[in-house]
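Accompanying notes for the structure given below.
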Amino acid sequence: MKLGPTYDLLHSENHFYRQSVSDARSCARCLTPIYFRICLKAVDGVVDPLKGVWRLPRCVAIITMSGSPAVVMRLVASAHTVAEKAGAIVRKVLHSGELGIVEKTGANDLQTLADRLAQQSICASLSRSFPKITIIGEEELPAEEIKEDLIEGGHSEEILQKTCPAEYSGLKEEELVVWVDPLDGTKEYTEASRCHHHQTEAQIPNKGSDTSRPHSTALWLLDNVTVLIGIAYEGRAIAGVINQPFYNYQLGAGASLGRTMWGMLGLGAFGFQLQEVPGDRRIVTTTRSHSNKLVTDCVNAMEPHEVIKVGGAGNKIIQLVEGKASAYVFASPGCKKWDTCAPEAILHTVGGKLTDMHGNAYCYNANVKHMNSAGVLATLRNHEYYVSRVPQSVLQALKSD
């Protein structure tokens, strides 16, 4: 039976294989994805060219593995779903009120139960599906058995339907490095949690019914929180997934919380609407809780019309791609590779750039040091202008790797 631009093919056990003109493939009845190429010569199938229908006796007998999606596309598709699972964990922990806060190096460097559970979920889920990839997570956690309810084995069908850029189609698992920040913006998360638990039960963001005013409470800090999964090849960030667990929290009762954006070089960026700050304005976003004289001097040197101080590297890149800021300026060695890999990939995909304060790119190989020692400078446009404005005192203090 012909259904518009799609064709239903007999799958097996009375299920059907659907192939659309965009090459989306899944069982039309059970929606199970099928990564195979039909080989008509292998069976005694009947083709009706007038109706455009393929009547095949049993797909199990006529499939070949030659149509399987590229490894990197399957990895990105899995990372998308895994990031959403991690986002749900982050919301659940906030709702419980039991954050299990641990200071790592000080009061501004915290770890919560949400950090620990989200990283366990991300790393265990991706490792199970892709046992040969290298995964580097922010949190140093003891080896222990991961509960099955933390494992996410799904994938984004929308991503699998897209064509892999030719230069990445042949990549192997062992060539890929995944950088994971399970909860970027932990300090803001803990502050928002304290505010959140002064609200009534009916106002809890996790239930989509927060009626507070963000400008009068710390709940606006929930926007700073992200889950970051970056994918690198030969030291370069080539794909990234950013989940914002509390996106839409301020819309009140019935709001659907969370969103996931992703991007891949040569393919595009998805999950948000690209916008730019008007060309005659310079708006700089910088750290909210890790400032010092170098950071302040560097921000001022950019001669900004406005300065926005927010938490989280992922959140700052979102500010750039959604037209709320022109540049992300952080003249300090506080950022790590797991903070910047995913955001850099998305930013680069839409024509932006992320470098150290000298204008040099960071490397994301498995064996590099984790600290971004020479600070972070990211822009959507006019990167050279901002590099040229970095004070000499900053360049001397922050040596490029």
Qualifying residues under salt bridge (charged side-chain N to carboxylate O under 4.0 Å, His left out), relative to [X], sequence neighbours excluded:
X    : value
E175 : none
E306 : R281
K172 : none

For residues [X] and [Y], is any side-chain donor paired with an opposing acceptor at under 3.5 Å?
X    : Y    : value
Y364 : T340 : yes
N243 : T226 : no
K369 : S373 : yes
T355 : N360 : no
S393 : D297 : no
T260 : E84  : yes

Electrostatic pair [X]-[Y], nearest N-O below 4.0 angstrom:
X    : Y    : answer
E139 : R116 : no
E148 : R128 : yes
K336 : E138 : no

Quick one: pull up CD in E344 and CG in L347 and give me the separation to the nearest 0.5 Å.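 Atom-to-atom, E344:CD and L347:CG are 7.5 Å apart.
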Atom CD in Q244, atom CE in M261: separation rounded to 0.5 Å?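 Those atoms lie 5.5 Å apart.
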Ignoring hydrogens and angles, tell me if any N or O in the side chain of T112 forms a donor-acceptor pair with the backbone of D115 under 3.5 Å.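 Yes; judged by distance alone, with no hydrogens or angles, the pair exists.
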Contacts of type ring-ring contact (aromatic ring centres under 6.0 Å, His included), residue F270, not counting sequence neighbours: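 Testing F270 for ring-ring contact (aromatic ring centres under 6.0 Å, His included), a comparison that skips the adjacent residues, returns W262.
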Can you list every ring pair (Phe, Tyr, Trp, His ring centres under 6.0 Å) pair that touches residues 318-353, not counting sequence neighbours?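 Only W338-H370 qualify under ring pair (Phe, Tyr, Trp, His ring centres under 6.0 Å).
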Take V329 and M357, measure what side chain to side chain contact (heavy atoms under 4.5 Å, CB included) needs, and give me the verdict at the end. CA-CA 8 Å; V329 180; M357 302 310 295; 4.1 Å; yes
Which residue pairs satisfy the side chain to side chain donor-acceptor pair (under 3.5 Å) criterion with at least one member in residues 308-326, sequence neighbours excluded?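 Found R259-E322.
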